[in-house]
Student: 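Here it is: the structure, laid out below.
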Amino acid sequence: MLDPKLIRNELDAVAKKLARRNFQLDVETLEKLENQRKALQVKTQELQNERNSRSKAIGQAKAKGEDIQPLLDEVTQLGESLKQSETELNQLHTELEAILLGLPNILDDEVPDGLDEDSNVEISRWGEPPEFDFEVKDHVDLGAPNDWLDFEAASKITGSRFVVMRDAMAKLHRALIQFMLDVHTNEHGYTEVYVPFMVNSDSLLGTGQLPKFEEDLFKIDSEHGYYLIPTAEVPVTNLARNEILSAKQVPAKFVCHTPCFRSEAGSYGKDTRGLIRQHQFEKVELVQMVRAEDSADAHEALTQHAETILQKLELPYRKVILCAGDTGFSSTKTYDLEVWLPGQGKYREISSCSNFQDFQARRMKARWRNPDTGKPELLHTINGSGLAVGRTLVAIIENYQQADGSPPLCSFPA
RNA sequence: GGAGAGAUGGCCGAGAGGCUGAAGGCGCUCCCCUGCUAAGGGAGUAUGGGGUUUAUAGCUCCAUCGAGGGUUCGAAUCCCUCUCUCUCCGCCA
């Protein structure tokens, strides 16, 4: 959520910045509602003030044994107009809140212009795509022998966009998770957490998946109305929801392995083959909660931590900065790490590292207490995949494939 | 699944329609005293929002005692719904 004060005081500037995302802010409506809110809130609070002081007077008169009936008669009108005023104010607040929750974050100035991924800008490359002197296979073909990767079984059990892994493939998959967790906890100073894989709607509101992107989520059809998590970002970041962290708890750095569940609504026909786009996949997620002044550096560092995994696995990748149109709703600035996939002959996203600044923190009231002022301040949140495990698996078996068509399942140093 | 008990500030814990944003204690901060330490004395110590202000400070108002409704001139306190926690029984990994 954007700072309501910023919206009040610099509405046109905000509108101009949001326009970079191709988002059209309804300045007129917002201005009108805001003016109404202000007038109504002042009026309501005046009425509340009057009610409070009169009620107090009644209490004091009663305590002295005086006749309170005349005082009671005076306030009969008050209740009605106060109630009406409060109801109207509540409606206005709800309306304004709905608009505010639907506004995307303001982009960092460094984010390049552009409508879609074609305008993303490459920042760096690491490693060289391998040369093969035989015909390259993709991971689906490489995983077919011994039913290592069995998409048919999964579609029988559940449906499309699921997989069954067997034997060495399942082990390699598990080993990758372990490897990533170990690197981030041992070398990068993250604390491992284990969290629920289902969350309530407040949590999704906090990180920004709700209210706008409900169709991307799996909702559990039960009395609780829980959702399956689309990323560990949701439960982990929400650890700080409605909290005021002490100065020594900041920066908070968490690494968390979870399955992720995405409906992939709207991506029909996209990446239908293989592991690239599944309804269920494993991810090791990095989350940091830091002081405002530290978030830019922390974002760079976190991205580096994700890159370390690719480098240790010796997988060629490139780093891009997402353009305005491709940057996610809650993010001010996002780096994508794209790994080379020989099966596709191109770089594909394997990690997305974003700085949300105070956007999520404001939604979820995640704060820390600054000892210099003694006052709570909003945290800045940063997260990124470190890495998407399924896609890492794809990258390994494709980049390290052998001439005889076998994946390198025996050579991984797990 | 059945039966009970509970939810109050950083923590413990009073409060049972009015003078309670909330006693008391602990903790924490600052000051005083004591040559260190221990002990003692004093003051302060929730969060969010509005108005005023160029903005801060300040001043002032409003809201918040698990959440949401209701009763009342007035609700932490009474009523309803929900959530969560704990205890016992059953079941289960």
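Naming: A, B, ... by sequence-line order, numbering from 1 per chain. What you see is a predicted model; the values in this text were computed from it and never measured.
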Student: Could you give the distance separating rG48(B) and rG42(B) at their C1' atoms, to the nearest angstrom?
Tutor: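 About 32 Å, rounded to a whole number of Å.
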
Student: Distance between the P atoms of rG25(B) and rC88(B), in whole angstroms?
Tutor: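 Approximately 35 Å lies between the P atom of rG25(B) and that of rC88(B).
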
Student: According to ring pair (Phe, Tyr, Trp, His ring centres under 6.0 Å), does anything in residues 88-114 of chain A pair up with another residue at least two apart or in another chain? List the pairs.
Tutor: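 Counting only pairs at least two positions apart or across chains, no ring pair (Phe, Tyr, Trp, His ring centres under 6.0 Å) contact touches residues 88-114 of chain A.
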
Student: In whole angstrom, what separates N90(A)'s CG from rG68(B)'s P?
Tutor: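 Interatomic distance, CG of N90(A) to P of rG68(B): 11 Å.
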
Student: Checking Y347(A) now: which residues fulfil ring-ring contact (aromatic ring centres under 6.0 Å, His included) with it, not counting sequence neighbours?
Tutor: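 Counting only residues at least two positions away or on another chain, Y347(A) forms a ring-ring contact (aromatic ring centres under 6.0 Å, His included) with W340(A).
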
Student: When rounded to the nearest Å, what value does the distance between C1' atoms of rC32(B) and rU85(B) take?
Tutor: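 It works out to 45 Å between them.
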
Student: Please check the phosphate of rG48(B) (OP1 and OP2 only) for any side-chain N or O of K5(A) closer than 4.0 Å.
Tutor: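 Looking at the OP1 and OP2 atoms of rG48(B), neither is under 4.0 Å from any side-chain N or O of K5(A).
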
Student: Under the ring-ring contact (aromatic ring centres under 6.0 Å, His included) rule, collect the residues that match up with Y226(A), sequence neighbours excluded.
Tutor: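 In terms of ring-ring contact (aromatic ring centres under 6.0 Å, His included), with neighbours along the sequence ignored, Y226(A) is linked to H224(A).
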
Student: Any salt bridge (Lys or Arg N to Asp or Glu O under 4.0 Å) involving residues 41-53 of chain A? Give me the pairs, sequence neighbours left out, ordered by first then second residue.
Tutor: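 Listed by first then second residue: E50(A)-R54(A).
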
Student: Determine the contact category for K43(A): base if any of its heavy atoms lies under 4.0 Å from a base atom, sugar-phosphate if only primed atoms, P, OP1 or OP2 are that close, otherwise nothing.
Tutor: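 Result for K43(A) = nothing.
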
Student: For the C1' atoms, the ones on rU52(B) and on rA57(B), what distance do you get once it is rounded to whole angstrom?
Tutor: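 Each nucleotide's C1' atom is 13 Å from the other's.
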
Student: Is R37(A) close enough to rG49(B) that one of its side-chain N or O atoms is under 4.0 Å from OP1 or OP2 there?
Tutor: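 Negative; the distance criterion is not met.
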
Student: Starting at atom CZ of R241(A), determine the distance to atom P of rC84(B), rounded to an integer number of angstrom.
Tutor: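 So the CZ-P distance, R241(A) to rC84(B), works out to 13 Å.
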
Student: Distance between the P atoms of rG2(B) and rA14(B), in whole angstroms?
Tutor: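 Result for the P pair: 31 Å, nearest Å.
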
Student: Check ring-ring contact (aromatic ring centres under 6.0 Å, His included) between F356(A) and all other residues, then give those that pass, not counting sequence neighbours.
Tutor: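 With sequence neighbours excluded, F356(A) shows a ring-ring contact (aromatic ring centres under 6.0 Å, His included) to no residue whatsoever.
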
Student: I'd like the C1' distance from rC82(B) over to rG6(B), given in whole Å.
Tutor: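 Roughly 16 Å separates the two C1' atoms.
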
Student: Which atom pairs link the protein and nucleotides 60-65 of chain B when you take only N or O atoms and keep those under 3.5 Å?
Tutor:
from    : atom 1 : to     : atom 2 : distance (Å)
rC61(B) : O3'    : N49(A) : OD1    : 3.3
rC62(B) : OP1    : N49(A) : OD1    : 3.0
rC62(B) : OP1    : N52(A) : ND2    : 3.3
rC62(B) : O3'    : Q48(A) : OE1    : 3.3
rC62(B) : O2'    : Q48(A) : OE1    : 2.6
rA63(B) : OP1    : R51(A) : NH2    : 2.7
rA63(B) : OP2    : N52(A) : ND2    : 3.4

Student: If you assign each of I58(A) and V42(A) to its closest nucleotide in RNA chain B, which residue comes earlier from the 5' end?
Tutor: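 Result of the comparison: V42(A).
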
Student: In Å, rounded to the nearest 0.5 Å, how long is the span from CG of L387(A) to CD1 of I350(A)?
Tutor: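 Here the rounded value is 5.0 Å.
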
Student: Which pairs with one or both residues in residues 275-290 of chain A pass side-chain hydrogen bond (donor to acceptor under 3.5 Å, both in side chains), sequence neighbours excluded?
Tutor: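 For residues 275-290 of chain A, and leaving out neighbouring residues, the side-chain hydrogen bond (donor to acceptor under 3.5 Å, both in side chains) pairs sorted by first residue read Y190(A)-Q288(A), T231(A)-K283(A), H257(A)-E282(A), E264(A)-R277(A), D271(A)-R277(A), K283(A)-E285(A).
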
Student: So, applying salt bridge (Lys or Arg N to Asp or Glu O under 4.0 Å) with R20(A), which one of D113(A), D108(A), D109(A) is it?
Tutor: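 Testing R20(A) for a salt bridge (Lys or Arg N to Asp or Glu O under 4.0 Å) against D113(A), D108(A), D109(A) leaves exactly one candidate, D113(A).
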
Student: Using atom NZ of K56(A) as one end and atom C1' of rG21(B) as the other, report the distance to the nearest whole Å.
Tutor: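 That distance rounds to 11 Å.
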
Student: In whole Å, I'd like the distance from the CG atom of L92(A) to the C1' atom of rG49(B).
Tutor: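 So the two atoms are 15 Å apart, to the nearest Å.
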
Student: Is there a side-chain contact (heavy atoms from CB on, under 4.5 Å) between L315(A) and N399(A)? Walk through the geometry before answering.
Tutor: CA-CA 7 Å; L315(A) 292 169; N399(A) 278 284; 3.8 Å; yes

Student: Would you say the rings of F261(A) and F281(A) are close, in the sense that their centroids are separated by under 6.0 Å?
Tutor: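 No, the ring centres sit 6.0 Å or more apart.
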
Student: Let me know the distance between CG of N9(A) and P of rG50(B), rounded to the nearest Å.
Tutor: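 Checked: the CG to P distance equals 10 Å.
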
Student: Between rA7(B) and rG13(B), how far apart are the two P atoms, rounded to whole Å?
Tutor: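 Those two atoms are separated by 10 Å.
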
Student: With nearest nucleotide decided by heavy atoms, which residue, G79(A) or Y226(A), maps closer to the 5′ end of RNA chain B?
Tutor: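 Mapping each residue to its closest nucleotide by heavy atoms, the 5'-most match is G79(A).
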
Student: Which residues pass the ring-ring contact (aromatic ring centres under 6.0 Å, His included) test with Y268(A), sequence neighbours left out?
Tutor: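 If we apply the ring-ring contact (aromatic ring centres under 6.0 Å, His included) test to Y268(A), skipping adjacent residues, there are no hits.
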
Student: R363(A) CZ to rG48(B) C1': how many Å, rounded?
Tutor: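 In whole Å, rG48(B) C1' lies 18 Å from R363(A) CZ.
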
Student: How far, in whole Å, is rA23(B) from rG18(B) if one measures between their P atoms?
Tutor: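 The answer is 16 Å between these two P atoms.
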
Student: Could you tell me whether the phosphate oxygens of rG10(B), OP1 or OP2, come under 4.0 Å of any side-chain nitrogen or oxygen in R369(A)?
Tutor: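 No, because none of the side-chain N or O atoms of R369(A) sits under 4.0 Å from OP1 or OP2 of rG10(B).
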
Student: From CG of L245(A) over to P of rU47(B), roughly how many Å is that when rounded to an integer?
Tutor: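 For the pair L245(A) CG and rU47(B) P, the rounded distance is 14 Å.
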
Student: When you measure from the side chain of K83(A), which nucleotide among rU71(B), rU47(B), rG50(B) comes out closest?
Tutor: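 Nucleotide nearest to K83(A)'s side chain: rU71(B).
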
Student: With a 4.0 Å cut-off on heavy atoms, is Q41(A) in touch with a base, just the backbone sugar-phosphate, or nothing at all?
Tutor: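 The residue Q41(A) makes sugar-phosphate contact but no base contact.
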
Student: Take N1-N3 plus N6-O4 or O6-N4 for Watson-Crick, N1-O2 plus O6-N3 for G-U, both under 3.5 Å. Which runs of 3 or more such pairs involve RNA chain B?
Tutor: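 Output for stems: B:1-7 with B:83-89, B:10-12 with B:24-26, B:27-32 with B:40-45, B:46-52 with B:58-64, B:66-70 with B:78-82.
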
Student: Taking N and O atoms by type only, does the side chain of K62(A) place a donor or acceptor under 3.5 Å from a partner on the base of rG18(B)?
Tutor: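 Result: at least one qualifying N/O pair found.
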
Student: For K38(A) and rU53(B), what is the distance between atoms NZ and C1' respectively, to the nearest whole Å?
Tutor: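 Spelled out: NZ on K38(A) to C1' on rU53(B) is 12 Å.
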
